[in-house]
> 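One structure, as structure tokens, below. Some questions next.
Values in this document were obtained by computation on a predicted structure and should not be read as measured data. A note on names: the letters A, B, ... follow the listed sequences, proteins ahead of strands, and every chain is numbered from 1.
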Amino acid sequence: MNWIDKQRNIVDFALSSLLRRWRKNLALLCVYTFVVFIVASVVFFAEALKRDACLVLEGAPDVVVQRLIAGRHDLISSGHMEKLARITGVSDVKGRLWAYYFEPSVGANYTMVVTEEAAGRPGTVAIGAGVSRTLLAGQGDLIAFRGHDGAYVSLEVARVFPSSSELVSADLVEISEEDFRALFGLPEGIYTDLTLRVRNPKETVVVADKIRRLLPDTRPILREEILRTYEALFDWRGGIVLAIFAGAALAFIIFAWDKATSLTLEERREIGILKAVGWETSEVIVMKSWEGIVISLTAFLLGLVLAYVHVFFTSGTLFEPVLKGWAVLYPRFQPVPFIDPYQVATLFFLTVVPYTVATVIPSWGAATIDPDTIMRQ
Amino acid sequence: MSLIVLNGITKIFNRGRPDEFTALSDVSLEIEPRGLAVFRGPSGSGKTTLLSIVGCMAKPSAGRVLVKGREVTSLPDRFLTDIRRHTFGFIFQQLHLVRGISALENVILPAYPSGEGLASLRERGVRLLDLLGLAHRADTNVEWLSGGEAQRVAIARALINEPAIVIADEPTAHLDTKLSLDFMAAMERLKAEGKTILFASHDPLVYESTMVDRVLEMRDGRIVAERRAS
Amino acid sequence: MRLRKSSAFIAFTVINVTGLALLFAHGALERQRQAPVLSEKKIMVERFGLTDLCLFTDARYTRNPAVADRSTPFQDNPLSLDYFPSGSILPPPPHLRAHELDR
Ligand SMILES: Nc1ncnc2c1ncn2[C@@H]1O[C@H](COP(=O)(O)OP(=O)(O)OP(=O)(O)O)[C@@H](O)[C@H]1O
Ligand SMILES: [Mg+2]
């Protein structure tokens, strides 16, 4: 077909034009691929964690009630439990016992949690894979915990949670209520906070309101709010993603600016020649667009492939320092590849369109010169 | 019928500005098909300007240009480009080949937007280069070509769209005598094929050549004298 | 005749698109394969009554952002420079901002 042949001819010329300045264009391609790679990695990573969080935290309690004293979270007593249980629509009020525990020998923070299951096996703990890694402790080993009175209590590791669940369990130490209370010196009837179920999901907001009125020293946290916390955390318009986006956007702007303002004399001359030998302005612009498309499309595809491999095969190694922070104990997990096609499409438009436009605009001026100017050079 | 008719052509540069300059004033001229015409005259007399108007590269400030009987001065740029592409082949004084690509690619460059398949384009390009004795250099990058070879590439490029008219501005200005004679020989062949050829030149080797049919003397933007070969 | 440049580009692009499609297919398979792991994690969350993912363990308010209170440093300003690096990349939970007025 004529149109296709014409485009292919023009693409041929655009490619030879790129190859002529292959050093510069290769450098551009690398930089651009890198920018796409970083942004796409962040988008993939954030989306995967967000979906993971949403699915997994569906299992979170309907409502968590925490007591605040003088602006701080404080322990809550069973008196509050009874009052809560009397609210209509509320069922299953439970006291939650959990604590942060700092292990000075390795400088790690654990989260100690009490479960009903653990009650059956006092003197033992089940630990997350992260804890096991930092303490080099496996099943059957003894771990010494320093109690509230300074005395050490040794508990045996009954089980290590599977590594596949690290995203929720890496720093957990599951302990029986008896051991927990003894370790931290907590009397019976005192809990870290309370959880409750609401029979009708539509009523949670109403229930939360009632709780706030009935127990003014507490605050209810709804599951929906928990989910939204994670949505906000991994939303690509906020948090981590925005921080990295801002960097990438800045890199791109500098880069596009450089392109837009730097049409070399050689390139100008070439456009002049094309005009003089009978190319139309529109054909010159189509040719320049192809130049932009070739670079940006290639960068987009390569960047995306690399990002996918980076995030879902190597677990986002480059993000590790960011996620680790100063923590000694950090989760190791392989994100589940949840990909939002809408984000991929957006990324496509954000990569290919601005770059192509940035390539075309400076050529526009050069392409509208009168063809006869070349006769005077 | 005349191939090209110029009717009262005036070209004013920078009109309305202090540096306004009338490069052509009221030039009328008819160019018949076939034959070789040379515009000669001192520097600044308007030869290049006239050629660019004849070749539909520039629009006159006043007057009308007819190509094959069709009025082109009022046409929009797109159509003008189309007419130019199919009617004229240009050989520039500085050649203006695109560096970094092969001789053959340079030759077929003007025909890319026509939508002709690359295979047939290359075939035609090679044939043209062959006619000019340059087939063996087809795949050489143009910057490695000698001056004479480069000029032959430029000639082949001017011919790729099979134009009726070939326009060359000072074609021999940068050539030594031997290369100039080679160039004229190539033009003679084109003339024999029935092409119309227009030169601007102040090289005696060109305008005194026996193959020239018509010499138009220019001065201060006007045609002041005309000599036709008998 | 040598390979035409545009053909080479088209071939290269097709290879890239195919590669990407294969990766996305891998993604779909992996999602299926990981479904039991996800539900296992969900069960764990239910069993422990967890409110948070274990992403950061360095500070309280980044270990448990969902139940963090107002008086944590990162509440001042999202992306504020924080004592803990994790604090500077965590935005405050939306419900803390929302309830500010009615409390
Ligand atoms: N774009 C322009 N703006 C202003 N003046 C111009 C422009 N182009 C040409 N001129 C002037 O028009 C006059 C005629 O120019 P032209 O190039 O046609 O002369 P020429 O006969 O080809 O001269 P030469 O033999 O030196 O090539 C010159 O004086 C030139 O300075
Ligand atoms: Mg001139």
> Which atom names give the shortest non-hydrogen contact between A:E166 and C:C54, and what distance separates them?
O-CB, 4.1 Å
> Mind ranking A:L49, A:T115, A:V11 by heavy-atom pairs under 4.5 Å with chain C and telling me who comes out on top?
A:T115
> Determine whether A:N109 and C:T57 satisfy the following criterion, side chain to side chain donor-acceptor pair (under 3.5 Å), listing intermediate values before the conclusion.
CA-CA 6 Å; A:N109 287 308; C:T57 62; 5.4 Å; no
> Identify which of A:V344, A:T195, A:T298, A:L222 forms the greatest number of heavy-atom pairs closer than 4.5 Å to chain C.
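It is A:T298.
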> What part of C:V67 lies closer than 4.5 angstrom to a heavy atom of chain A: side chain, backbone, both or neither?
both
> In Å, rounded to the nearest 0.5 Å, how long is the span from CG of A:D52 to CG of C:L38?
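So the gap between those two atoms works out to 5.0 Å.
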> Between the main-chain N or O of C:L53 and the side-chain N or O of A:Y230, is there a donor-acceptor pair closer than 3.5 Å?
yes
> Between C:S7 and chain A, with a heavy-atom cut-off of 4.5 Å, which part of the residue counts as in contact: side chain, backbone, both or neither?
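For C:S7, heavy atoms of backbone and side chain both lie under 4.5 Å from chain A.
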> Mind listing the closest non-hydrogen atom pair of C:T51 and A:P61 along with its distance?
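Heavy atoms only, the tightest pair is CG2-CD, 4.4 Å.
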> Within this structure, what is the CG-CZ distance for the pair A:L297 and C:F9, rounded to the nearest 0.5 Å?
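That separation rounds to 5.5 Å.
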> Mind checking what makes ring pair (Phe, Tyr, Trp, His ring centres under 6.0 Å) contact with A:F312, not counting sequence neighbours?
A:F44, A:Y308
> Is any side-chain heavy atom of C:D52 less than 4.5 Å from a side-chain heavy atom of A:V168?
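When only atoms from C-beta onward are counted, A:V168 and C:D52 do not touch, as no gap falls below 4.5 Å.
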> Side chain, backbone, both or neither: which part of A:F338 has a heavy atom under 4.5 Å from chain C?
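Its backbone and side chain both get close to chain C.
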> Just give me the residue among A:E58, A:E117, A:H73 that pairs up with chain C most often, heavy atom to heavy atom, under 4.5 Å.
A:E117
> Please name the pair of heavy atoms, one in A:L55 and one in C:K42, separated by the smallest distance, quoted to 0.1 Å.
O-CD, 3.7 Å
> Looking at C:S6 and A:D12, what are the two nearest heavy atoms and their distance?
N-OD1, 2.8 Å
> Heavy-atom distance under 4.5 Å between the side chains of A:L172 and C:M44, does that happen here?
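A:L172 does not reach C:M44 side chain to side chain.
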> Between A:W98 and C:L50, is any pair of side-chain heavy atoms under 4.5 Å apart?
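Answer no - side chains too far apart.
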> Taking atom OG of A:S164 and atom NZ of C:K41, what is their separation to the nearest 0.5 Å?
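Output value for this atom pair is 7.5 Å.
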> Would you say the side-chain atoms of C:R31 pair up with the backbone N or O of A:P337, donor to acceptor, closer than 3.5 Å?
yes
> Out of curiosity, C:L55 CG to A:L167 CG, how far, rounded to the nearest 0.5 Å?
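It is 5.5 Å, given to the nearest 0.5 Å.
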> Does any heavy atom of chain C fall under 4.5 Å from the side chain of A:D193, the backbone, both, or neither of them?
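Neither part.
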> Which atoms form the tightest heavy-atom contact between C:R4 and A:D5, and what is the distance?
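In this case the closest contact between C:R4 and A:D5 is NH2-O, 4.4 Å.
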> At a heavy-atom distance under 4.5 Å, which candidate from C:V45, C:L22, C:L23 has the highest pair count against chain A?
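Heavy-atom pairs under 4.5 Å are most numerous for C:L23.
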> Is it the case that atom CD in A:Q7 sees more than 12 heavy atoms from other parts of the structure closer than 6.0 Å?
yes
> Can you measure from OG (A:S16) to NZ (C:K5) and round to the nearest 0.5 angstrom?
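Answer rounded to 0.5 Å: 4.0 Å.
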> Test of understanding: with ring pair (Phe, Tyr, Trp, His ring centres under 6.0 Å), list the residues that count as partners of A:F161, not counting sequence neighbours.
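Partners of A:F161 by the ring pair (Phe, Tyr, Trp, His ring centres under 6.0 Å) criterion, ordered by chain and then number, come out as C:F48.
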> Quick check: do C:R47 and A:E174 have side-chain heavy atoms less than 4.5 Å from each other?
yes
> Do A:V336 and C:V37 touch side chain to side chain, with heavy atoms closer than 4.5 Å?
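Not touching, per the 4.5 Å side-chain cut-off.
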> Which region of A:V113, side chain (C-beta onward) or backbone (N, CA, C, O), has a non-hydrogen atom less than 4.5 Å from a non-hydrogen atom of chain C, or is it both or neither?
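Looking at A:V113, just its side chain touches chain C.
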> Name the option with the most non-hydrogen atom pairs under 4.5 Å to chain C; the candidates are A:V328, A:V114, A:I339.
A:I339
> Specify which of C:E30, C:E40, C:R63 makes the most heavy-atom pairs with chain A at under 4.5 Å.
C:R63
> Quick one: of A:F13, A:Y100, A:Y110, A:Y330, who has the most non-hydrogen atom pairs under 4.5 Å with chain C?
A:Y100
> Enter the distance from C:F12:CZ to A:L301:CG here, rounded to the nearest 0.5 Å.
8.0 Å
